[in-house]
Amino acid sequence: MKQQEENNKFNMNPADVQKQMSEWRKKAWSIPDIRGGKQVWFMLVKKLIELINDEQAYDLNLIPDIQGITLPQSWRTYATFLKGVGLVNNQAGRLTLANAGVKFLNEPTKRNLADQIHDRFRLFGEVLAILETEPATVEETDKQLCDSYGLNWSNLSKIRKRMDWLEVLGLIQAIGNHKWEVTDSGREALKDWYLIKPEAVKLMDTNPSDIEIDDPPEEIAILLQRLVDSPEMHKKRCTYNIWVPSPNRIEKLRRIIQFASSRIERADLFGFIQKEFTLRISSVESMLPFLKASGLLEEVGRNIYVATPAAKAWLKTGNDLDFIRILHANMQFVGEMIKVAEKDIVRSDLYAQAKRYGLNAEKARWIAGFLVEAGLLEEPQYLHLKATCTGKYFVVGLPLSEGNVEVIEPNDDPNKSRTLEKAVCSRLEMVCYRLHNASTDPSAEGKGAGVAFEEAIADIFSFMGFKAERIGGSGNTDVVVRWKDEENKYVVAIIDGKSKSSGHVSHNDISEIAIDTHKEKNNADYVAIVGAGFSGGTIRDHAKKKGFSLITAEQLIEIASASEALGLSLQEIALAFQMPNGLSQLEDIISTKKENWILYQNAFRSF
């Protein structure tokens with residue numbers, strides 16, 4: 001009855017509501033990146049599909065031969081976009097055309113690709129509908145979309161991605177004064193596309209009855225049943241540290257477990273992980289305890305490993321929810337996190353709840369990341385988390401623990417230590433969030449090119465205890481970082497921040513002459529380049545030759561998180577500036593401190 005009243009209020013009949021909700025749920029939020037300037041996107045997709053049809057994508061580590069592309073990426077990189085859009089399948093490391101890919105191959109038109117993107121991603125055609133009403137700027141379109149659908153996007157990157165593709169596919173065009181209008185092709189598309197009304201989105205939380213979740217396979221169901229039959233088993237769910245290379249962590253875990261589906265020696269397993277994800281051996285070693293503690297891998301002989309029966313069952317289903325079930329059966333505060341986040345919750349309050357289960361903020365942040373990837377949590381606004389409808393329905397089928405101590409109510413501030421902890425968590429989340437977003441969005445926060453990224457770099461070093469200042473402007477470096485060495489003398493590093501929408505900084509993006517000038521001007525001891533990622537061997541060779549440290553935004557976030565969780569000294573963190581092995585030494589220190597902390601926790605519990 002209540003649902004019918006809601007439908008009536010929005011003037012929608014039940015059939016329309018069900019159809020709109022179904023369409024919304026089958027679509028994803030983020031259109032994957034495809035590397036290169038947008039002027040080559042369509043040509044690039046067309047050529048990649050042709051090469052896949054010619055069976056050229058048999059090794060994901062190879063770089064396809066594409067004329068007209070200056071810095072082509074590997075098949076693995078392109079596969080993220082092609083698979084996300086639904087054009088290809090990955091069959092044991094070989095890309096093959098999906099039905100949509102075959103259709104596009106036979107009729108490679110911009111309209112066909114536009115239809116596919118609209119069918120796979122939320123608010124693509126809806127952006128076009130806004131521009132059909134009247135021409136608008138990117139900022140105006142973003143405001144209308146957010147107001148209509150109740151969104152709280154922190155920057156313009158999401159709307160830009162959609163409008164870039166609408167432009168590339170000939171559905172909108174610029175008309176001056178930074179405004180865009182719909183083309184005739186765009187109007188034709190709108191006649192055919194099924195659009196989601198804002199009213200239907202507002203009804204999403206009121207009608208989860210049409211959600212279908214597959215039952216777990218027997219091997220995983222047994223793990224969950226043990227928690228039902230023996231509630232004391234909840235106490236054996238671990239609180240181990242978590243580390244998996246990002247992004248797409250669940251997919252990377254799946255590839256590791258696939259490799260270990262038969263017995264394998266430790267050296268071979270480590271070699272595969274190290275090569276597959278371009279990791280240092282210390283990073284691989286820090287991952288192994290999690291793989292075992294999470295119930296994915298077991299040691300069946302001295303240094304002999306194999307995927308657990310539950311993990312093998314997950315490989316067969318390919319369902320991310322089965323991974324979450326395994327994680328929940330073996331680790332604290334997984335399903336419980338979804339329950340806590342049934343209503344919109346601030347991350348710092350969620351981390352306070354995690355303490356009841358023996359987890360610190362860093363571990364809770366990892367679990368939240370898995371749940372977001374699996375579609376069980378979403379980020380309705382900056383620093384907030386909320387269970388999705390799927391998440392709410394899914395958690396009903398999980399046996400949950402009550403936690404170990406009293407519930408800490410959200411927004412309850414009984415003492416100063418809690419207030420301080422919330423402030424630290426919030427600030428760390430904020431600087432990491434800004435750095436991550438701005439690394440691939442040069443116009444982040446509506447500021448000038450690269451400004452937000454430079455500010456975020458200065459902020460994250462300030463958070464770690466350095467004297468950090470954004471300089472910017474013509475003729476000087478972007479960020480200056482200072483700290484005192486063990487002899488109490490100041491050391492200076494300059495940082496050149498490179499925000500690239502492609503996600504990769506190449507040698508051509510760096511002026512060695514300018515950097516040398518900036519280094520001399522600031523009397524700097526060290527130089528670092530910070531970007532989302534670095535492409536090609538040339539930039540690495542020159543960095544090694546010139547003594548520049550190359551630090552990715554993700555590495556900087558990991559270092560900041562470790563500095564807060566493990567109490568790293570400034571001298572230890574500053575190893576990141578030292579070439580050629582400073583970053584490796586810092587990673588080893590972090591790995592060792594994590595292991596020592598685990599030993600301390602276990603000893604304390606035993607005592």
Side-chain angles (χ1 to χ4, degrees), residues 239-246 279-287 289-290 348 351 359-366 369 417 420-436 456-469 479-495 524-530 549-601 604:
T239 57
Y240 246 77
N241 285 327
I242 306 171
W243 194 85
V244 184
S246 60
L279 299 175
R280 294 179 176 86
I281 193 65
S282 60
S283 298
V284 180
E285 288 175 343
S286 67
M287 193 191 312
F290 165 68
S348 56
Y351 299 156
L359 271 68
N360 60 22
E362 182 185 10
K363 297 171 186 176
R365 190 181 301 116
W366 275 97
S417 63
L420 178 60
E421 179 185 310
K422 287 179 65 176
V424 171
C425 288
S426 296
R427 187 180 173 202
L428 177 60
E429 285 293 324
M430 185 177 297
V431 295
C432 292
Y433 187 93
R434 288 187 70 205
L435 187 77
H436 174 76
I457 293 171
D459 284 350
I460 204 164
F461 276 98
S462 295
F463 173 83
M464 292 187 286
F466 293 86
K467 292 180 181 287
E469 179 184 9
V479 178
V480 175
V481 176
R482 296 180 175 87
W483 68 97
K484 289 185 177 180
D485 62 15
E486 294 176 349
E487 298 179 357
N488 208 33
K489 295 180 181 179
Y490 268 113
V491 185
V492 179
I494 61 170
I495 298 175
D525 302 278
Y526 300 106
V527 176
I529 313 296
V530 177
S549 179
L550 302 180
I551 308 173
T552 67
E554 190 68 25
Q555 285 175 319
L556 200 48
I557 288 170
E558 296 286 351
I559 293 168
S561 299
S563 80
E564 190 263 323
L566 303 173
L568 299 177
S569 69
L570 295 186
Q571 288 74 27
E572 289 171 329
I573 299 171
L575 287 170
F577 292 115
Q578 297 182 20
M579 286 291 286
N581 301 315
L583 269 172
S584 296
Q585 294 176 38
L586 177 55
E587 287 186 359
D588 290 341
I589 289 172
I590 292 173
S591 178
T592 301
K593 288 198 172 191
K594 283 182 177 179
E595 291 172 1
N596 291 340
W597 176 241
I598 292 170
L599 292 173
Y600 168 78
Q601 286 181 311
F604 182 79

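When a residue number appears, it is its place in the shown sequence, counting from 1.
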Output for pair (E554 CD, L435 CG), nearest 0.5 Å, gives 9.0 Å
Check your understanding: Hey, are the side chains of I495 and F461 touching, using non-hydrogen atoms and a 4.5 Å cut-off?
Key -> yes
Closest heavy-atom pair, V481 versus A468, reported as atoms and distance to 0.1 Å, is CG2-CB, 4.2 Å
Heavy-atom closest pair (I494 atom, A524 atom, distance to 0.1 Å) is CG2-CB, 3.7 Å
d(R482 CZ, D525 CG) to nearest 0.5 Å is 10.5 Å
Practice task
Determine whether F466 and W483 make a side-chain contact, defined as any pair of heavy atoms from C-beta on separated by less than 4.5 Å.
Solution key: yes
Would you say that M464 contacts L556 through its side chain, given a criterion of any heavy-atom pair below 4.5 Å between the two side chains? yes
Correct closest heavy-atom pair for P289 and E285 would be CD-O, 3.2 Å
task = Could you tell me whether the side chain of E362 and the main chain of I242 form a donor-acceptor pair under 3.5 Å?
result = no
Interatomic distance, CG@N360 vs OG1@T239, rounded to 0.5 Å, equals 8.5 Å
F463 and A560 have their tightest heavy-atom pair at CE2-O, 4.1 Å
dist T552:OG1 -> I557:CD1 (nearest 0.5 Å) comes out at 8.5 Å
Here the gap from N241 atom CG to K363 atom NZ, rounded to the nearest 0.5 Å, amounts to 4.5 Å
Distance-only check: which donor-acceptor pairs under 3.5 Å involve side-chain atoms of residues 574-587, not counting sequence neighbours?
unit_1	atom_1	unit_2	atom_2	d
S584	OG	R280	NE	2.5
E587	OE1	S283	OG	3.2
E587	OE2	R280	NH1	3.3

d(S569 OG, I589 CD1) to nearest 0.5 Å is 7.5 Å
